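Quick caveat: nothing in here was measured; it's all calculated off a predicted structure.
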Amino acid sequence: MPKSSQSTGKQSRESKPGADRRDFDALRERRMRAAEMFARGKRQVDVASALGVSAQTVSKWHRAWSTGGREALAGAGRAGRMPRLSSEQLAEVEAELIKGPRANEFATEMWTLARVAEVIERLTGVQYSVTQTWTILRERLGWSRQRPARRAAERDDTAIEEWVKVEWPRIKKAPDGEGPGSVSKTKADSR
């Protein structure tokens, strides 16, 4: 699975699908507006209505604001689960993958998701399913799926060219110079 494009490089987090779902600055600004409204004595129902959020969210914000003040609403922290592979580990895995399957003691020169998962586990101790492995390759490393061209080792291109030039036109010709016949019983003139 070679890289999708050397010129474009890795996909950035901003270009991933769904990366624009959360504008963390806008979310923080909304929480800060709520803190200001709480400080002015606004009711929770008014804050929810003004900011377009649920009553449960405002209640949670108010609880945090009551105990920790404005700073308690400043940062919600990172969204989502932390990745199990650090950037350093991922770089180590990628370097090993670039060496190729044979360098990693596999019998053939083709990466499969199961093989990549095996390399990840061997290097980092982190076990991934093939689905998770594909996600790592595609989203974090920017690699794409490529299938090898299937060609027989015994293929003789010269013999194939000769057959196409000589034999194929001879076979393709209709007998006695007529057009192709029909054996279909659905034709009007067939018996």
Side-chain angles (χ1 to χ4, degrees), residues 1-38 47-48 51-54 56-151:
M1 285 183 209
K3 292 218 174 200
S4 58
S5 170
Q6 292 293 341
S7 62
T8 59
K10 295 179 187 175
Q11 285 182 329
S12 67
R13 292 203 185 277
E14 291 75 33
S15 66
K16 283 187 356 186
D20 58 341
R21 284 189 201 149
R22 294 186 181 170
D23 180 358
F24 290 107
D25 292 334
L27 295 173
R28 182 182 184 282
E29 179 60 33
R30 188 164 50 180
R31 290 190 309 272
M32 292 300 99
R33 285 184 53 205
E36 291 168 8
M37 294 173 84
F38 294 147
V47 173
L51 299 179
V53 296
S54 69
Q56 292 86 349
T57 299
V58 173
S59 178
K60 185 173 82 172
W61 288 350
H62 189 267
R63 239 185 343 269
W65 176 79
S66 297
T67 58
R70 185 178 170 91
E71 296 78 32
L73 295 179
R78 184 185 184 286
R81 180 185 301 187
M82 292 293 291
R84 292 192 291 166
L85 288 181
S86 68
S87 297
E88 295 80 23
Q89 288 174 314
L90 202 56
E92 183 183 350
V93 167
E94 185 173 27
E96 201 64 26
L97 294 177
I98 289 171
K99 290 179 185 176
R102 290 203 191 254
N104 283 279
E105 302 174 4
F106 294 108
T108 62
E109 195 60 47
M110 185 172 70
W111 282 117
T112 64
L113 292 175
R115 288 179 175 184
V116 173
E118 192 175 318
V119 170
I120 291 172
E121 185 175 3
R122 180 172 41 88
L123 292 175
T124 66
V126 178
Q127 189 174 17
Y128 283 109
S129 70
V130 291
T131 306
Q132 293 166 319
T133 302
W134 171 238
T135 301
I136 290 169
L137 287 172
R138 190 183 66 233
E139 293 182 4
R140 292 193 66 196
L141 292 177
W143 286 34
S144 65
R145 180 184 116 199
Q146 295 183 352
R147 291 189 177 196
R150 300 280 182 196
R151 292 194 108 141

Asks: For the residue pair Ala64 and Ala72, what are the closest heavy atoms and their distance?
Replies: O-CB, 3.3 Å
Asks: Just grab all the salt bridge (Lys or Arg N to Asp or Glu O under 4.0 Å) pairs involving residues 104-131, residues at least two apart or on different chains.
Replies: Arg102-Glu109
Asks: Quick one: CZ on Arg31 to CD on Glu29, what's the gap to the nearest 0.5 Å?
Replies: 10.0 Å
Asks: When rounded to the nearest 0.5 angstrom, what distance separates CG in Leu97 from CG in Asn104?
Replies: 7.0 Å
Asks: Kindly compute the distance separating CE (Met37) from NE2 (His62), expressed to the nearest 0.5 Å.
Replies: 11.5 Å
Asks: So, taking the atom named CZ in Arg63 and the one named CG in Leu73, what distance separates them when rounded to the nearest 0.5 Å?
Replies: 11.5 Å
Asks: Within this structure, what is the CD-CD1 distance for the pair Gln89 and Ile120, rounded to the nearest 0.5 Å?
Replies: 10.0 Å
Asks: Take the angle between the ring planes of Phe38 and Trp65 and call it parallel below 30°, perpendicular above 60°, tilted in between.
Replies: tilted
Asks: Could you tell me whether the side chain of Leu137 reaches within less than 4.5 Å of the side chain of Trp111, counting heavy atoms only?
Replies: no
Asks: Looking at side-chain heavy atoms only, is the closest gap between Trp61 and Leu51 below 4.5 Å?
Replies: yes
Asks: Could you give the distance from CZ (Arg84) to OG1 (Thr124), rounded to the nearest 0.5 Å?
Replies: 8.5 Å
Asks: Please report the shortest heavy-atom distance between Arg140 and Pro83, naming the atom on each side.
Replies: NH1-CB, 3.5 Å
Asks: Looking only at non-hydrogen atoms, find the nearest pair between Leu90 and Ile136 and report the distance.
Replies: CD1-CG2, 3.7 Å
Asks: In plain terms, say whether Glu36 and Arg33 are close enough for a salt bridge, that is, a side-chain N and a carboxylate O under 4.0 Å apart.
Replies: no
